[in-house]
Q: 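Before I ask anything, let me first share the structure, which is written out below as structure tokens.
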Amino acid sequence: DTAVSQTPKYLVTQMGNDKSIKCEQNLGHDTMYWYKQDSKKFLKIMFSYNNKELIINETVPNRFSPKSPDKAHLNLHINSLELGDSAVYFCASRTRQGETEAFFGQGTRLTVV
Amino acid sequence: ILNVEQSPQSLHVQEGDSTNFTCSFPSSNFYALHWYRWETAKSPEALFVMTLNGDEKKKGRISATLNTKEGYSYLYIKGSQPEDSATYLCAFQGGSEKLVFGKGTKLTVNP
């Protein structure tokens, strides 16, 4: 059973389109994250949700909008895609309380052409 | 801006060598320090989460130490094997839920 699953794994789309990446975790975790892996393989935090509530919003363009319908899901919607949005996006989750590790999804490679 | 620095950026060792790398982080507003192992084409997987100053954790040939007062952690690998080749990430967890990652140390173990 996959603990944190992202769909799709690969996404190729044209500039200007709107697309979504879905993330689901079956671990019962309270907190979910979106990270962007840049061209230098650096994992940069974008958003964090706790029990459907946005708690971290880094300086990410307004074209990126996270949505959490319930605490097991955190989807990432991107409007008006740009070439610079091409990257691998990772979803992660963890339990809020205590010293607990994050569990990552397998990543979604987004290519904007 | 919260800086989490890792050094070296990359490292090549021979099979059987022992090695170590460093993670430095802010000493204020500290809650936990995480270490992850990230193999190519896979997702990061947790190795350790440490919270107490002086903490030392071990998993097989890999161990880690933590100094929260001076803001650094070391990861040690004893008797490196080719399967240890990966990028090792540390992440600083402050008072919020934010997990801020360093840029990683890429380890290559040559047979």
Side-chain angles (χ1 to χ4, degrees), chain A residues 2-7 9-10 21 23 25 27 29-60 66 68 71 74 88-109, chain B residues 1-7 9-10 23 25 29-53 55-57 59 62 64 66 68 73 75 85-108:
Chain A
T2 305
V4 182
S5 60
Q6 293 179 229
T7 52
K9 193 171 179 182
Y10 301 97
I21 307 171
C23 179
Q25 53 94 5
L27 298 167
H29 288 165
D30 313 294
T31 303
M32 295 184 73
Y33 303 86
W34 276 109
Y35 284 87
K36 180 180 179 181
Q37 180 192 353
D38 66 18
S39 55
K40 295 182 180 177
K41 294 203 75 178
F42 177 42
L43 277 179
K44 191 171 178 186
I45 190 166
M46 299 173 71
F47 300 104
S48 175
Y49 268 72
N50 186 63
N51 278 325
K52 304 193 297 175
E53 186 183 336
L54 178 67
I55 53 172
I56 295 168
N57 181 350
E58 292 297 288
T59 47
V60 177
S68 181
K71 77 171 195 176
L74 181 61
V88 181
Y89 292 84
F90 283 94
C91 174
S93 74
R94 56 184 290 273
T95 304
R96 187 175 196 184
Q97 299 300 326
E99 51 190 86
T100 58
E101 69 266 37
F103 289 80
F104 282 81
Q106 77 274 32
T108 296
R109 182 175 291 279
Chain B
I1 296 175
L2 206 157
N3 274 334
V4 180
E5 302 286 342
Q6 289 189 247
S7 62
Q9 195 174 343
S10 66
C23 173
F25 52 87
N29 204 28
F30 174 88
Y31 186 81
L33 193 281
H34 300 225
W35 280 101
Y36 293 81
R37 184 170 179 272
W38 193 3
E39 291 181 72
T40 305
K42 292 189 177 180
S43 311
E45 291 185 352
L47 289 170
F48 307 111
V49 179
M50 298 186 288
T51 58
L52 299 174
N53 185 43
D55 231 359
E56 191 167 330
K57 292 205 171 180
K59 189 183 280 189
I62 304 177
L66 179 67
T68 59
S73 174
L75 189 79
S85 297
T87 296
Y88 291 83
L89 298 172
C90 69
F92 171 84
Q93 183 185 346
S96 69
E97 296 310 310
K98 204 175 194 177
L99 265 186
V100 179
F101 282 84
K103 295 186 178 179
T105 292
K106 185 173 181 180
L107 175 67
T108 305

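Just so we're on the same page: letters track the sequence lines, and every chain starts at 1.
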Q: Does any backbone or side-chain atom of B:Leu47 lie under 4.5 Å from a heavy atom of chain A? Answer side chain, backbone, both or neither.
A: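 Interface part for B:Leu47: neither.
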Q: Using modelled atom types and a 3.5 Å cut-off, is there a donor and acceptor pairing between side-chain atoms of A:Trp34 and backbone atoms of A:Leu74?
A: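 It does hold such a pair.
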Q: When the ring centroid of B:Trp38 is compared with that of A:Phe90, is the distance short of 6.0 Å?
A: yes
Q: For chain B, find which of A:Lys44, A:Gln106, A:Arg109, A:Glu101 contributes the most heavy-atom pairs closer than 4.5 angstrom.
A: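 Heavy-atom pair counts peak at A:Glu101.
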Q: Can you tell which part of B:Tyr36 gets under 4.5 Å to a heavy atom of chain A, answering side chain, backbone, both or neither?
A: side chain
Q: Find out whether A:Leu43 and A:Phe104 are in side-chain contact, i.e. whether some heavy atom of one side chain is under 4.5 Å from a heavy atom of the other.
A: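 Counting from C-beta outward, A:Leu43 and A:Phe104 do come under 4.5 Å.
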Q: Quick one: which of A:Asp38, A:Thr31, A:Asn50, A:Val88 has the most heavy-atom pairs under 4.5 Å with chain B, could you say?
A: A:Thr31
Q: So what's closer than 4.5 Å to chain B heavy atoms on A:Phe103: side chain, backbone, both or neither?
A: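 For A:Phe103, neither part sits under 4.5 Å from chain B.
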Q: Quick check: do A:Thr100 and B:Val49 have side-chain heavy atoms less than 4.5 Å from each other?
A: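 Counting from C-beta outward, A:Thr100 and B:Val49 never come under 4.5 Å.
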Q: Between chain B and each of A:Gly105, A:Ser48, A:Gly107, count heavy-atom pairs under 4.5 Å; write down the option with the most.
A: A:Gly105
Q: Can you give me the closest heavy-atom contact between A:Pro66 and A:Tyr49, atom names plus distance?
A: O-OH, 3.3 Å
Q: So, does B:Lys103 use its side chain to make a donor-acceptor pair with the main chain of B:Gln6 at under 3.5 Å?
A: no
Q: For A:Ala102, which atoms come within 4.5 Å of any heavy atom of chain B: side chain, backbone, both, or neither?
A: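 Both parts, backbone and side chain.
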